[in-house]
Amino acid sequence: MKQSRVWHPNTQMSEWSDFDKIVRGDGMYLVCADGTRLLDGVASMWCNVWGHSRSELVRAISRQASTLAHSPLFNLTHGPAEELADKLVRIAPGMHRVFYSDNGSSAVEIAAKMAIQYWANIGEPKKRLVSLDNGYHGDTFGAMSMGYIPEFFSRFKNYMLKVDHIPAPNSYRPTRRHTEQNDEQMCLDAAERRLAQGDVAALVMESGAQMAGGVQIFPRNYQSKIAKICKSHDTLFILDEIATGFGRLGSMAEYVAQHSTPDIAVFGKMLTGGYITLGATLANKRVSDAFLGEFAESRHLFHGHTYTGNPIATAVALENIRLYDRYSLIRRVRAASGILAGFIEEISRRRLVGDIRHKGMVMGIELVSDPATRAPLRSTQSMNRIVYALAKKHGVYLRTLGNIIMLVPPLYMSTPQIRKLCTSTLKIIDELEQRF
Ligand SMILES: *Cc1c(COP(=O)(O)O)cnc(C)c1O
């Protein structure tokens, strides 16, 4: 077989000599070169909304590409960037201005730069960033520093920015010395103690749930209490909605459902329906106004990317949002969420299943070798490799996060397809039980 020159993400290349080659998308399916059709159970890394090759989105791309493929937002503007910004501040109540970038990691780093420069601009010495243990905000150094998942980041620890981490609630594996009963309160107390020191420029966290941290869904009022703690200590509150917003957890802006308005909100992933990469960092009036002044005062935001606000990406995001309205997608997601929920009981009866966490259109199924000790299921080959191969036999595309099977379907997946995804997952777990 010809040696592939592609270095794949988060992948032990020696374990994968034989990647399936996707030749086209067809609705909710990815079609392999050998003809296998894979139901996209992870929304192509959590970003696909309508399935693949959706005609309205394809037309929006081709229309925009033939009119204007790219012109910068440096000194200039264009229709799709303007119109999308208007739409986004309506989707994200309390937000005032939109800064575009080309991926989620950059968008999070921009949020941090905004917060740091905000305090510099208003002449107050708040300098520290605080974020949650087990968070994930992207793979570039700044984003890694704000997240921290030891398995992903430990090699780079000495090179990261100084960000202080506070414990995050975890219903299945509470932080050491916490119990399941006092976990949330201990986490809130830790936030209170850290912010009370008065030096924190911003607290950064994912909105609603820690996704890459293993679908850790926050307790009901936790996020709104964190928002209050930020407010009482005059710390900017940054919410990363990249994975959880745009309907993944059942709301357009998850922070609305969580009764917690941030100062800066970050969107990515499903923003374009999964068709072109785009990030958006939204700031409220307080933050964005602090960047106004005479040119010579140098208060403007020192940041910009070549493809900032690319016309094709912003045009397809606009069309994506139109489709959300036209198909009442959020209402549909809430119904579809019930279909997923209907499988929880059956899945949880499996011996290898330690915990199931579900909200909206995401489910994390945690596999353990022993439910009593909660020891994660492990093997020399990666679980991901094993589960991928089993899932392929059932015509489904899955990628696990360590020992957690992630079901993250495109939001518009039909009821029969969601059922197929769940019944296939049950069979996959049964097959795993014969091995472990
Ligand atoms: C995926 C993700 C990011 C990073 O986005 P990229 O586009 O992969 O750089 C940041 N935050 C969260 C919560 C994510 O899930």
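Order of listing sets the numbers, starting from 1, for every ligand and every atom in it. Residue numbers count from 1 along this sequence.
The side chain to side chain contact (heavy atoms under 4.5 Å, CB included) test with I276 is passed by exactly one of T314, N320, I312: I312.
Enumerated by chain and number, the residues approaching ligand 1 to less than 4.0 Å through a heavy atom are W46, N103, G104, S105, Y136, H137, G138, E206, D240, I242, A243, K269.
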Throw together a table of side-chain donor-acceptor distances under 3.5 angstrom for residues 234-254, partners on residues two or more places apart or in other chains.
| from | atom 1 | to | atom 2 | distance (Å) |
| --- | --- | --- | --- | --- |
| D234 | OD1 | R286 | NH2 | 2.8 |
| T235 | OG1 | V200 | O | 3.2 |
| D240 | OD1 | I242 | N | 2.9 |
| D240 | OD2 | H137 | ND1 | 2.8 |
| E241 | OE1 | E254 | N | 2.8 |
| E241 | OE2 | S207 | OG | 2.7 |
| E241 | OE2 | E254 | N | 3.3 |
| E241 | OE2 | Y255 | N | 2.8 |
| T244 | OG1 | S207 | O | 2.6 |
| R248 | NH1 | M361 | O | 2.8 |
| R248 | NH1 | P409 | O | 2.6 |
| R248 | NH2 | P409 | O | 3.3 |
| E254 | OE2 | Q258 | NE2 | 2.8 |
| E254 | OE2 | K359 | NZ | 3.0 |

What side-chain donor-acceptor pairs closer than 3.5 Å can you find for residues 91-100, not counting sequence neighbours?
| from | atom 1 | to | atom 2 | distance (Å) |
| --- | --- | --- | --- | --- |
| Y100 | OH | A81 | O | 2.7 |
| Y100 | OH | A85 | N | 3.0 |

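Residues satisfying the side chain to side chain contact (heavy atoms under 4.5 Å, CB included) test with A375, not counting sequence neighbours, are S369, T373.
Remark: R90 is not positioned above the aromatic ring of Y324, lacking an NZ or CZ atom under 6.0 angstrom from the ring centre and at most 45 degrees off the axis.
For R322, the CZ atom is densely surrounded, since the number of other residues' heavy atoms within 6.0 Å is greater than 12.
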